[in-house]
Protein chains: 2
Amino acid sequence: MVIRDQILAEATRRFAARGFDATTLKEIAEGVGIRSPSLLYHFKTKDELRRAVLEKLLSHWNDVLPRLLRAAASGEDQFERVAQEMVAFFAASPDRARLLVREVMDRPEEIQALIASHVLPWTRLVCDYIRKGQAEGDVQSEVDPEAYVIQVINLVVFSVATLDCFGALLEDQPSHERVWQRQTAELLRVARQSLFER
Amino acid sequence: MVIRDQILAEATRRFAARGFDATTLKEIAEGVGIRSPSLLYHFKTKDELRRAVLEKLLSHWNDVLPRLLRAAASGEDQFERVAQEMVAFFAASPDRARLLVREVMDRPEEIQALIASHVLPWTRLVCDYIRKGQAEGDVQSEVDPEAYVIQVINLVVFSVATLDCFGALLEDQPSHERVWQRQTAELLRVARQSLFER
DNA sequence: CCTACCGATCGGTAGG
DNA sequence: CCTACCGATCGGTAGG
């Protein structure tokens, strides 16, 4: 059963890096030391492999969700904690962000369904929290809760997916670490400043 | 010469919608009413067609740039004008945004070079403007100018590229027009509120 | 601008 | 898990 996971890991890396169509079963198979017909024993078709990769990503996400919500529910710094958790989830492996970007671009209808089932319930919760903040005067009244949440998700996912590309704009000798720090800090600042009343 | 432009337009649409690898010369050719060998008379290879498509996009951008800078240089509402111009450029044809996203994902090194030559000089100007605003107390001192500009570009490009995907999160019966309005308004608000001092 | 055709490579199958 | 092999399709060429 370990070979199955090796295939999934290799496929995730390749799909994220070069896209589903540009990745061949041969290179995935030989990346884990087998031939492509052997790969097709574990996953009957290339598309089944793609769906399995996506499923694993989403199940990971479902594991993290409760922790995220606990963080949001309790005490202060709710915003900071949720935002940090979200950034951490994608930062832990940027392939997740890249894979999502590719799916959004290549199969918008399919990803729409996944959004409806996996993130819509969650965004509703966050939107309620934002509206409560607006009623209490902590959150700017001009905020459009749903649109705001979408923009923040956009910001996090695409920042991670395109990190390496914009290093040259930031520093003369961009180190992955420094670029990541500056981008994350600014991302959180932008999200925070456009939400809370001062 | 008009057929060349037809090919470019068709290729732009297809590359933006399904990606370079997933698009065949046959479908582009027959989209403009010719056979694929005839297409290869106008563009010797598929990769030459890709580069021509990208070049056309960038030359369009270079035409818009001066107007953008004039808008920024004169009078008040500098921020509002530049931001509006940028949004308008991509909104005029979302394929531009989708194409850029795909290139960033598929050929990061190549797009890095284009960024260095086509957007780095421009971001420097904007960053100078931001720093001047910070010195005068109009702009929040916590803003990291370079990182801020990158995040705003991210926000604009990816908002346009993924517009249709997130309609379901916004409204029960999402119309393209309404979704676009809400997303754009919130995008500009987020950018504005995280920049200026109040 | 076309038809005819090329080698290479793709995802997938047969059979062991 | 392998070798051997399949039809389909790809980008590209020859020749007119």
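Chain naming here is simple, since letters A, B, ... match the order of the sequence lines and numbering starts at 1 in each. Computed over heavy atoms, backbone and side chain alike; hydrogens, waters and symmetry mates excluded.
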Inset, instruction - Establish, yes or no, whether a centroid distance under 6.0 Å links the rings of Phe79(A) and Tyr129(A). - result: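 Between Phe79(A) and Tyr129(A), the centre distance exceeds or equals 6.0 Å.
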
Inset, instruction - Measure from NZ or CZ of Arg107(B) to the centre of the six-membered ring of Phe20(B) and say whether it is under 6.0 Å with the direction within 45° of the ring axis. - result: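 Because its charged atom sits under 6.0 Å from the ring centre and within 45° of the axis, Arg107(B) does stack over Phe20(B).
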
Inset, instruction - Using the ring of Phe15(A) (Phe, Tyr or Trp, six-membered ring only), decide whether Arg102(A) places NZ or CZ under 6.0 Å from its centre and within 45 degrees of its axis. - result: no

Indicate, with a heavy-atom threshold strictly under 4.0 Å, whether [X] touches base, sugar-phosphate, or nothing.
{"X": "Leu25(A)", "result": "sugar-phosphate"}
{"X": "Ser36(A)", "result": "nothing"}
{"X": "Ile3(B)", "result": "sugar-phosphate"}
{"X": "Ser38(A)", "result": "base"}
{"X": "Leu40(B)", "result": "base"}

Legend entry - Base partner of dG16(C), which must satisfy Watson-Crick or wobble distances under 3.5 Å: dC1(D)

Legend entry - Nucleotide opposite dG11(D) in a Watson-Crick or G-U pair, distances under 3.5 Å: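 Pairing partner: dC6(C).
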
Between [X] ([atom1]) and [N] ([atom2]), how many Å, whole number?
{"X": "Phe20(A)", "N": "dC10(C)", "atom1": "CZ", "atom2": "P", "result": "14 Å"}
{"X": "Lys46(A)", "N": "dC10(C)", "atom1": "NZ", "atom2": "C1'", "result": "8 Å"}
{"X": "His42(B)", "N": "dC2(C)", "atom1": "NE2", "atom2": "P", "result": "9 Å"}

Legend entry - Arg35(A) side chain near dC1(D) phosphate (N/O to OP1/OP2, under 4.0 Å): no

Legend entry - Any Val126(B) side-chain heavy atom under 4.5 Å of Tyr148(B) side chain: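 SC-SC contact between Val126(B) and Tyr148(B) ruled out.
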
Inset, instruction - Find which nucleotide of DNA chain C each of Pro37(A) and Lys26(A) is nearest to by heavy atoms, and output the residue with the more 5' nucleotide. - result: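 Closest to the 5' end, via its nearest nucleotide, is Lys26(A).
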
Legend entry - Closest listed nucleotide, where the reference is the side chain of Ile34(A) and the choices are dC1(C), dG12(D), dC2(D):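 Of all the options, the side chain of Ile34(A) is nearest to dC2(D).
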
